[in-house]
Amino acid sequence: MSRLLTRREFCALLGAGAAGLGCRVSPLESQSSGDPLLSARPVSPSEVIGPGWHQLWQEGPAAHLLVPVGYDPSRSWPLVVGFHGAGGTADGHRAFLGESADNDGFLLLVPDSAERTWDVVLNRYGPDIATVDRALKATFRMARVNPAAIAIEGFSDGASYALGVGIRNPQLFSRVVAFSPGFVAPTLVQAAKPRVFISHGTRDPILPIDTASRRIVPALRGAGFEVDYREFDGGHEAPPEIIRAAVAFIVGSGQAVRSR
């Protein structure tokens with residue numbers, strides 16, 4: 001059984017320190033953050049695409065698909081959906097996993113947010129979820145995707161977005177990767193749960209670890225999620241060794257690490 005958690009219930013799950021995780025009490029407390037449910041599902045491709053960095057449509061906000069070198073349309077490929085941080089772009093976020101997509105053989109879909117950051121960070125789910133759904137449908141039309149190997153990832157605000165969207169859509173995403181998240185928006189927690197990878201720098205000056213991942217991770221585990229959690233000595237970043245661990249997690253060879 002599943003239901004939509006209210007902001008009050010979700011914040012109670014996160015505990016007394018949740019004020020730093022988007023759980024501040026306000027006159028709008030009774031309103032939900034919207035529903036980030038996605039309708040896109042893998043289908044047999046009706047179009048043809050080759051390797052490279054493709055802009056899926058011309059008007060904004062845009063979405064880009066990186067098709068790896070050696071892409072063979074006759075077989076199914078893993079897909080990773082990535083979300084940039086506040087003030088970032090799809091093109092900039094490609095630096096996180098673009099090289100790994102070519103080396104490890106997966107498709108990388110990276111949409112842009114409509115505003116300076118993602119809709120739920122500013123208010124509630126809405127236009128950006130529509131962009132993600134549209135981009136997924138376009139990807140499924142053009143590329144042969146393995147439905148059992150679709151992951152979602154993000155950095156900073158994008159990591160918070162990946163967590164909320166991934167938790168709500170376990171029928172689509174089997175794994176969620178969050179590099180330095182700040183919060184998890186109240187969302188529908190279902191019986192099926194994706195595996196989660198979270199990393200955070202112990203000296204992060206932007207989203208301090210004590211009011212972010214060190215509260216998010218126990219809350220997720222308490223709600224029944226399997227979480228591979230990596231702390232590292234650093235700031236608001238994703239060092240190369242963390243990227244490698246995340247890619248291993250995505251492609252299925254990562255080993256769970258429980259810290260703190």
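This is a predicted model, so every value here is computed, not measured. Residues: numbered from 1 along the sequence shown.
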Show which side-chain atoms of residues 150-161 pair as donor or acceptor with protein atoms under 3.5 Å away, not counting sequence neighbours.
residue: Glu153; atom: OE1; partner: His93; partner atom: NE2; Å: 3.3
residue: Glu153; atom: OE2; partner: His93; partner atom: NE2; Å: 2.7
residue: Ser156; atom: OG; partner: His236; partner atom: NE2; Å: 2.8
residue: Asp157; atom: OD2; partner: Thr117; partner atom: OG1; Å: 2.7
residue: Ser160; atom: OG; partner: Gly182; partner atom: N; Å: 2.9
residue: Ser160; atom: OG; partner: Phe183; partner atom: N; Å: 3.2
residue: Ser160; atom: OG; partner: Phe183; partner atom: O; Å: 3.3
residue: Tyr161; atom: OH; partner: Asp119; partner atom: OD1; Å: 2.8
residue: Tyr161; atom: OH; partner: Asp119; partner atom: OD2; Å: 3.4
residue: Tyr161; atom: OH; partner: Ile129; partner atom: N; Å: 3.4

Could you give the side-chain donor-acceptor pairs of residues 44-52 under 3.5 Å, partners two or more places apart or in another chain?
residue: Glu47; atom: OE2; partner: Arg141; partner atom: NE; Å: 3.4

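The shortest side-chain heavy-atom distance between Leu79 and Pro42 does not fall under the 4.5 Å cut-off. The side-chain heavy atoms of Phe249 and Val177, taken from C-beta on, include a pair separated by under 4.5 Å. Within the 4.5 Å cutoff, the side chain of Leu136 has no heavy atoms near those of the Thr139 side chain. When side chains are defined from C-beta on, Arg230 does not count as touching His200, because their heavy atoms never get closer than 4.5 Å. Annotation: side chain of Asp72 is in contact with side chain of Ser74 (closest heavy-atom distance under 4.5 Å). Residues Pro181 and Ser213 meet the side-chain proximity criterion, which asks for heavy atoms closer than 4.5 Å. The closest side-chain heavy-atom distance from Leu107 to Val67 is below 4.5 Å.
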Query raised in the report: How far apart are the C-alpha atoms of Arg221 and Val196, what are their side-chain angles, what is the distance that settles it, and do they pass the side chain to side chain contact (heavy atoms under 4.5 Å, CB included) test?
Result: CA-CA 10 Å; Arg221 287 175 176 161; Val196 179; over 6 Å; no
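Cation-pi geometry between Arg144 and Trp77 is not met at under 6.0 angstrom from the ring centre and within 45 degrees of the axis.
Looking only at distances, a side-chain donor or acceptor of Glu237 sits under 3.5 Å from a matching main-chain atom of Gly235. Between the side chain of Thr131 and the main chain of Pro127, a donor-acceptor pair closer than 3.5 Å is present.
A side-chain contact (heavy atoms from CB on, under 4.5 Å) with Asp104 is found for one member of Val80, Leu97, Val247 and no other, namely Val247. Here the options are Phe96, Phe232, Phe83, the test is ring-ring contact (aromatic ring centres under 6.0 Å, His included), and the partner is Phe179; only Phe96 passes. Checked against Leu56 for a side-chain contact (heavy atoms from CB on, under 4.5 Å), the options Met142, His64, Lys137 give a single hit: Met142.
Checking Ser39 against Asp133 by side-chain atom types alone, a donor-acceptor pair falls below 3.5 Å. Neither side chain, Asp91 nor Thr89, offers a donor N or O lying under 3.5 Å from an acceptor on the other.
For Gln55, the CD atom counts as densely surrounded, since its 6.0 Å shell holds more than 12 non-hydrogen atoms of other residues, nucleotides or ligands.
Ion pair Glu99/Arg244 not flagged as a salt bridge, since none of the NZ, NE, NH1 or NH2 atoms sits closer than 4.0 Å to an Asp/Glu carboxylate oxygen. With respect to the salt-bridge test (charged N to carboxylate O, under 4.0 angstrom), the residues Arg195 and Asp228 do not qualify.
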